[in-house]
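Quick note: residue numbers are just sequence positions, from 1. In what follows, every heavy atom counts, from backbone to side chain, and hydrogens, waters and symmetry copies are set aside. These numbers were taken from a predicted model, which means no experiment stands behind them.
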Amino acid sequence: MLVKTYAAAVQGINAIVVTVETVVENGVQYCIVGLPDAAVKESHERVRSALNQSGYRMGRKSATINMAPADVKKEGAAYDLPIAIGILAASEVIKAPELDRYMIMGELSLDGSVQPIRGILPMAIEARARGFKGLIVPEANASEAAVVNNLEVYGVANLRQVADFLQGEAQLEPTVVDTRAEFAASIGNFDYDFSEVKGQENVKRAFEVACAGGHNILLIGPPGSGKSMMAKRLPSILPPLTLGEALETTKIHSVAGKLRRGSRLMTVRPFRSPHHTVSPVAMVGGGSNPMPGEISLAHNGILFLDEFPEFPRAVLEVLRQPLEDRHISVSRARYQVEYPAGFMLVASMNPCPCGYYGHPTKACTCPPGAVSKYVNRISGPLLDRIDIQCEIQPVPFEKLSDLSEGERSADIRTRVIAARRIQAERFAAEPEVHCNAQMNSRLMNRWCHLSADAMNILRNAMNKYDMSARAYDRILKVSRTIADLAGSADILPVHVSEAINYRNLDRSGWGNSTALF
C-alpha cells in the first residue's frame, strides 16, 4: 500500500514541502531514496526501535521510502516521525483518513519519544502557505511554531500519541500563542541600560547618531575605556523590531538552532559578538550542511567586532559585500543559498599594539610606524563602509565616583525613533532604503544640500585634515542624521561640524607624531 506523509526541508531560511511516499510489502528490505544524508539513512534503526517500543509489531516487512522532490537534499533526523507514521499507515496498522492534511516533523528516540528539531518556524510558515490544516511537531517546538497564525500546531511527546491522534482515538489541544500580545509585552525588556554608564557623553552621542541613521561605527580607545561595555547597551536604544522583522529574525535563529528550548518570538534586536578567531565560513555561513553565519544571525541587529584589527584579513574582507547589499549569497559546488544580512556593524579597537597611543597619562611604547601599521590591518574599502569613527578616552575618577544616574536608554531611544520616523517618510518611495546610511548618490544629491556656510566648514576641514574623498559622502550622510535628530529640515553648519568630528581615522596625522587626537 502506498501512503504519503508530508514534511519539510529548509533551504536558506525558507522551507519547502517534502512528500514522504512509503510503500510497505512483504520482505526484509528497508530503502530510502530522494537524496537523503547519512542522518536520514540512519533513521531505520531509530524508527524500528521506536515502533517496537511503542507497541507496534511490524513483522517481516519491506519498506521503500521516497522523499520528493528528489533533487533537494534531505538532512537531519527530523524525518523520523513522518517516516514512522508512513510505515504504520502503509502497513494498515493505523487508519488515518486525514493524514494528508497535516505536516509532520520530529526526531525519534529509541523508546518512541519525540525530540526537538531545528528550523521549525519556516516550516510552520510554509505549512500555512501550502494550506495544511495543522502541523505536528515535538512538544519543545510547539511554542515556536505557534507564533504562525491560522495554523493548528500540535505538540507531541511520543510516537503513540501521534498515531492515536491521527486515528481519532485521542484528542490533542492545539498550542495557542497570542503573538501580538507577547510581542508588545516584551519588546522593551533589556539587560543593560545607558544610565549605568559613567561619563563618556561624546561616545553616547556618537552611538545615538549611529542608531538614528543606521550608521556603522568604529570606537578607538585604550583598554578599559568602556568600548565593549557601551556596545552591549546599543540594542536598548535601537528602534524596536516590527512584527515582520521579529518573524524574519526568529526564522534565522530557528534554522541555526540558536533559539532556547521553548522560545517563541524574538522581540529584542540580536547582538552578535564573535571572537576574533572566527573563520570566514562561520562569519558568512555555509559549511557541509549550510547554516547561517554570524552576519545573518545579526540581521536586523548588531554585529559587534571587538579587537577589530585582530580579526584575520580574510574574515574582515568578507564583510564588504554584505554591508553594501544587505544579503549574502553562499555558493558551493553542491548548493547555493542566500541569507539576509542587514546588520549594523559596531567595531572597537585599541589605537596601537600596546593600547596607549594618545592616552592622557600613559606613554605609548610602540616603535615608530607601529601605530599606522596596526590601523592598516583594516583595509580602506572596509573603512569606507564605516561612517563614524569615534575616539574614546578613559573615564576620570571624578566621573567614575559620581553616584548620579546618567540619561536612560529609553530617553535616547525616543529621539532615535523620532529620527527614524522622519527617514521612513523621506524614503517612503524607496523600498530598498530604510535609513540615511543606505542613501546612494542620487538620494544624497536630493536630501543632503548644504548651505554656503556649512559647505565652507566642510571644505576647510577636508583641506586642513587632508581627508579622503570617501569621507565626504560619510560626512554628508551623518550630517543628515544629526539634522534629523535636531528636527531640522536643513543641514546646518553645527551639524556638519559634529559629523566632521566623527572622522578620526581620515585625518592625515593619525598614527604619526603630529597626530590630531
(Q) Give me each pair satisfying ring-ring contact (aromatic ring centres under 6.0 Å, His included) with a member in residues 269-322, each pair once, sequence neighbours excluded. (A) Phe271-Phe304
Q: Go through Arg426 and Asp484 one step at a time and tell me if the salt bridge (Lys or Arg N to Asp or Glu O under 4.0 Å) criterion holds.
A: CA-CA 11 Å; Arg426 176 182 299 141; Asp484 290 342; 2.7 Å; yes
Q) Nearest 0.5 Å, what's the OH-CE distance between Tyr79 and Met105? A) 5.0 Å
**Q.** Leu305 side chain reached by Met283 side chain, heavy atoms, under 4.5 Å
**A.** yes
Q. What pairs meet the salt bridge (charged side-chain N to carboxylate O under 4.0 Å, His left out) rule with one or both residues in residues 281-304, with sequence neighbours excluded?
A. Arg272-Glu294
Q. About how many Å separate CG of Leu151 and CD of Glu126, when rounded to the nearest 0.5 Å?
A. 11.5 Å
Q: Look up atom CD1 in Ile475 and atom CD in Glu498, then write down how far apart they are to the nearest 0.5 Å.
A: 12.0 Å
Q. Between Asn216 and Leu345, which heavy-atom pair has the shortest distance, and what is it?
A. OD1-N, 2.8 Å
Q: Would you give the length of the straight line joining atom CZ of Arg385 to atom CZ of Arg320, rounded to the nearest 0.5 angstrom?
A: 6.0 Å
Q.
If we count only N and O atoms by modelled type, under 3.5 Å, do the side chains of Ser225 and Gln393 hold a donor and an acceptor together?
A. no
Q: Taking the side chain as every heavy atom from C-beta outward, state whether Asn350 and Pro223 have any atom pair closer than 4.5 Å.
A: yes
Q | Spatial distance of atom CG (Leu234) from atom CE (Met344) [nearest 0.5 Å] | A | 5.5 Å
**Q.** Within 6.0 angstrom of Lys373 NZ, more than 12 heavy atoms from elsewhere
**A.** no
Q) Step by step, would you call Asn436 with Thr481 a side-chain hydrogen bond (donor to acceptor under 3.5 Å, both in side chains)? A) CA-CA 7 Å; Asn436 290 333; Thr481 298; 2.9 Å; yes
Q. Which is it for Asn149 and Arg128 under the side-chain hydrogen bond (donor to acceptor under 3.5 Å, both in side chains) test, yes or no, and what are the steps along the way?
A. CA-CA 8 Å; Asn149 299 324; Arg128 182 182 63 181; over 6 Å; no
Q: Check whether any side-chain heavy atom of Val156 lies under 4.5 Å from a side-chain heavy atom of Pro138, and answer yes or no.
A: no
Q: Check Arg480, Arg503, Arg474 against Asp387 for a salt bridge (charged side-chain N to carboxylate O under 4.0 Å, His left out) and give me the one that passes.
A: Arg474
Q) Where do Phe343 and Ala298 come nearest, in terms of heavy atoms and distance? A) CB-O, 3.4 Å
Q | Considering all heavy atoms, the nearest Pro290-Glu75 contact | A | CD-OE2, 4.0 Å
Q | Pro82 versus Ala78, closest heavy-atom pair with distance | A | CD-O, 3.8 Å
Q.
Between the side chains of Glu208 and Lys204, is the shortest nitrogen-to-carboxylate-oxygen separation below 4.0 Å, so that they form an ion pair?
A. no
Q. Minimum heavy-atom separation for Gly221 to Pro351, with atom names?
A. O-CD, 3.4 Å
Q: Check the surroundings of atom NZ in Lys198: do more than 12 heavy atoms from other residues, nucleotides or ligands lie under 6.0 Å from it?
A: yes
Q: Please tell me if the side chains of Met439 and Cys448 come closer than 4.5 Å, counting only heavy atoms from C-beta onward.
A: yes
Q | Pairing of Glu107 and Arg46 as salt bridge, 4.0 angstrom limit | A | no
Q: Tell me, please, which residues at least two apart from His327 pass ring pair (Phe, Tyr, Trp, His ring centres under 6.0 Å).
A: none
Q: Go through the structure and list residues passing ring pair (Phe, Tyr, Trp, His ring centres under 6.0 Å) with Tyr374, not counting sequence neighbours.
A: none
**Q.** Pair listing, salt bridge (charged side-chain N to carboxylate O under 4.0 Å, His left out) test, anchored in residues 245-258, at least two apart
**A.** Glu245-Arg269
Q. Going through the checks in order, is the side-chain hydrogen bond (donor to acceptor under 3.5 Å, both in side chains) test met by Tyr192 and Glu196?
A. CA-CA 8 Å; Tyr192 304 102; Glu196 303 156 352; over 6 Å; no
Q | Glu338 vs Val330 side-chain heavy atoms within contact, under 4.5 Å | A | no
Q) Can you check whether Leu121 reaches Asn141 side chain to side chain, under 4.5 Å on heavy atoms? A) no
Q: Can you measure from CG (Leu108) to OG (Ser43) and round to the nearest 0.5 angstrom?
A: 9.0 Å
**Q.** Over all atoms of both residues, closest heavy-atom pair of Leu485 and Ala419
**A.** CD2-CB, 3.8 Å
Q: Decide, yes or no, whether a salt bridge links Glu317 with Arg313 under the criterion of side-chain N to carboxylate O below 4.0 Å.
A: yes
Q) If you measure only the distance, is there a donor-acceptor pair under 3.5 Å linking the side chains of Glu144 and Ser254? A) yes
Q. Does Asp80 reach the side chain of Val114, with side-chain heavy atoms less than 4.5 Å apart?
A. no
Q) Does some side-chain heavy atom of Val137 sit less than 4.5 Å from a side-chain heavy atom of Met123? A) no
Q: Tell me, please, which residues at least two apart from Glu407 pass salt bridge (Lys or Arg N to Asp or Glu O under 4.0 Å).
A: Arg415
